[in-house]
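Encoded as structure tokens, the structure appears first; notes follow it.
Source: prediction; values computed, not measured.
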Amino acid sequence: KKLSYQNYGLIPVLSLRTIHLEDPFNSFIKRSFDVFFSLLVIIFLLSWLTPIIATLIKLSSKGPVFFTQKRNGFNFIEFNCYKFRSMKINKEANTAQAIKNDYRVTSLGKILRKLSIDELPQFLNVLKGDMSIVGPRPHMTDHTKHYSKEVQNFMQRHKCLPGITGWAQVNGLRGPTEEEGSMKKRFQHDL
């Protein structure tokens, strides 16, 4: 096996895997891409789309335009994840995952969710440095606690910034995790 070697103080440490984002140059390139791409989306898409979506959300249901939820990010640090609100105001918003035909989703919310438009404000999270364009999707804090007990080494997904999209989503592993083993499959793709 190829082992990487690092010194931590006076102690030499051999690592079984290489984490490419620990290389400062790779980290700089990834962050530069994130900032550049998120600025493009914010300036050329969100600048004119947000007022339209905001008006439609206000006309379709009572409540704020944006939905903010605590999520766990890099090194398990909590951050506020932004989304366009696609559900009616409800008490389970921070604990219950949306399911198919969820009664809480508004008629406009169905469209926003189907087209993933509700996720666009997360480019603000990317610009702030809470998220990246590509990485494991962040979960609600309650779900992170739950899955960390259920899935072995689950917390490894927090060794990089969470992303708007990731390898699991590209491979169709998105949405509710109702089937047994579906979170383990998603976790394997996240790693």
Side-chain angles (χ1 to χ4, degrees), residues 1-42 66-83 93-98 116 119-191:
K1 290 202 176 227
K2 290 185 178 179
L3 299 174
S4 65
Y5 161 79
Q6 291 179 318
N7 277 322
Y8 288 94
L10 298 174
I11 303 169
V13 176
L14 294 174
S15 178
L16 294 174
R17 77 182 150 145
T18 304
I19 301 172
H20 296 290
L21 286 177
E22 287 182 350
D23 179 301
F25 181 74
N26 291 341
S27 184
F28 171 77
I29 294 296
K30 183 168 175 59
R31 181 67 185 140
S32 298
F33 171 78
D34 285 346
V35 169
F36 176 75
F37 192 82
S38 60
L39 278 172
L40 286 178
V41 170
I42 291 166
F66 295 100
F67 174 67
T68 305
Q69 188 175 62
K70 292 281 184 199
R71 303 275 176 110
N72 294 113
F74 179 65
N75 282 338
F76 201 61
I77 297 169
E78 284 187 10
F79 69 95
N80 290 319
C81 185
Y82 306 120
K83 295 176 89 171
N94 291 309
T95 55
Q97 191 175 20
S116 296
E119 308 283 350
L120 287 176
Q122 290 172 22
F123 283 99
L124 296 168
N125 288 111
V126 173
L127 193 61
K128 284 176 56 181
D130 294 328
M131 291 178 70
S132 182
I133 304 291
V134 178
R137 287 291 298 152
H139 293 120
M140 291 183 275
T141 54
D142 283 355
H143 285 180
T144 300
K145 289 173 190 165
H146 170 76
Y147 290 123
S148 68
K149 294 173 187 162
E150 199 172 285
V151 179
Q152 187 177 5
N153 297 322
F154 186 77
M155 301 313 280
Q156 286 183 5
R157 13 178 7 262
H158 298 283
K159 294 296 179 192
C160 65
L161 285 174
I164 292 177
T165 190
W167 190 240
Q169 288 68 40
V170 169
N171 285 283
L173 300 169
R174 57 179 292 192
T177 53
E178 297 165 344
E179 297 173 27
E180 190 169 331
S182 59
M183 182 50 76
K184 287 181 183 177
K185 217 176 197 179
R186 183 183 294 179
F187 169 68
Q188 289 167 350
H189 281 74
D190 286 341
L191 288 186

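- Scanning all heavy atoms of the two residues, the minimum distance from Lys30 to Ser132 falls at NZ-OG, 3.0 Å.
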Validation: residues 71-78 side-chain donor-acceptor distances under 3.5 Å, sequence neighbours left out:
{"from": "Arg71", "atom 1": "NE", "to": "Gln69", "atom 2": "OE1", "distance (Å)": "2.8"}
{"from": "Arg71", "atom 1": "NH1", "to": "Pro138", "atom 2": "O", "distance (Å)": "2.9"}
{"from": "Arg71", "atom 1": "NH2", "to": "Gln69", "atom 2": "OE1", "distance (Å)": "2.6"}
{"from": "Asn72", "atom 1": "OD1", "to": "Thr144", "atom 2": "OG1", "distance (Å)": "3.1"}
{"from": "Asn72", "atom 1": "ND2", "to": "Phe76", "atom 2": "O", "distance (Å)": "3.4"}

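- Glu150 CD to Lys145 NZ: the interatomic distance, rounded to the nearest 0.5 Å, is 16.0 Å.
- With sequence neighbours left out, the side-chain hydrogen bond (donor to acceptor under 3.5 Å, both in side chains) criterion links Ser27 to no other residue.
- Every residue two or more places apart in sequence or in another chain was checked for a ring pair (Phe, Tyr, Trp, His ring centres under 6.0 Å) with Phe67, and none qualifies.
- The closest donor-acceptor contact from the side chain of Arg157 to the backbone of Arg137 lies under 3.5 Å.
- Note that the CD1 atom of Ile133 and the OG atom of Ser38 stand 5.5 Å from one another [nearest 0.5 Å].
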Passes side chain to side chain contact (heavy atoms under 4.5 Å, CB included), Gln122 versus Val126? Steps please.
CA-CA 6 Å; Gln122 290 172 22; Val126 173; 5.7 Å; no
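- By the salt bridge (Lys or Arg N to Asp or Glu O under 4.0 Å) test, Lys128 is found to be paired with Asp130, residues two or more places apart in sequence or in another chain being considered.
- Scored by the side chain to side chain contact (heavy atoms under 4.5 Å, CB included) test, Pro24 finds no partners at all (sequence neighbours excluded).
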Yes or no on side chain to side chain contact (heavy atoms under 4.5 Å, CB included) for His146 and His139, after CA distance, side-chain angles and deciding distance?
CA-CA 10 Å; His146 170 76; His139 293 120; over 6 Å; no
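- Scored by the side chain to side chain contact (heavy atoms under 4.5 Å, CB included) test, Val151 finds Phe154, Met183, Lys184, Phe187 as partners (sequence neighbours excluded).
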Side chain to side chain contact (heavy atoms under 4.5 Å, CB included) between Ile164 and Met131, worked out
CA-CA 7 Å; Ile164 292 177; Met131 291 178 70; 4.1 Å; yes
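- Partners of Asn80 by side-chain hydrogen bond (donor to acceptor under 3.5 Å, both in side chains), not counting sequence neighbours, listed by chain and number: Lys70.
- Put simply, CG on Asp190 and NZ on Lys159 are 15.0 Å apart, with the number rounded to the nearest 0.5 Å.
- Listed by chain and residue number, nothing satisfies the salt bridge (Lys or Arg N to Asp or Glu O under 4.0 Å) test with Asp34 (two or more places apart in sequence, or in another chain).
- Annotation: salt bridge (Lys or Arg N to Asp or Glu O under 4.0 Å) contacts of Lys83 (sequence neighbours excluded): Asp118, Glu119.
- Between the OG atom of Ser148 and the NE2 atom of His158 there is a distance of 8.0 Å, given to the nearest 0.5 Å.
- In this view, Phe66 and Phe84 satisfy the ring pair (Phe, Tyr, Trp, His ring centres under 6.0 Å) rule, not counting sequence neighbours.
- With sequence neighbours left out, the side chain to side chain contact (heavy atoms under 4.5 Å, CB included) criterion links Ile42 to Leu46, Phe123, Leu124, Leu127.
- Considering CG of Leu173 and CH2 of Trp167, their distance stands at 11.0 Å, rounded to 0.5 Å.
- Distance check, rounded to the nearest 0.5 Å: CG of Asn153 to CD of Gln188 gives 11.0 Å.
- By the side chain to side chain contact (heavy atoms under 4.5 Å, CB included) test, Ser32 pairs with Phe28, sequence neighbours left out.
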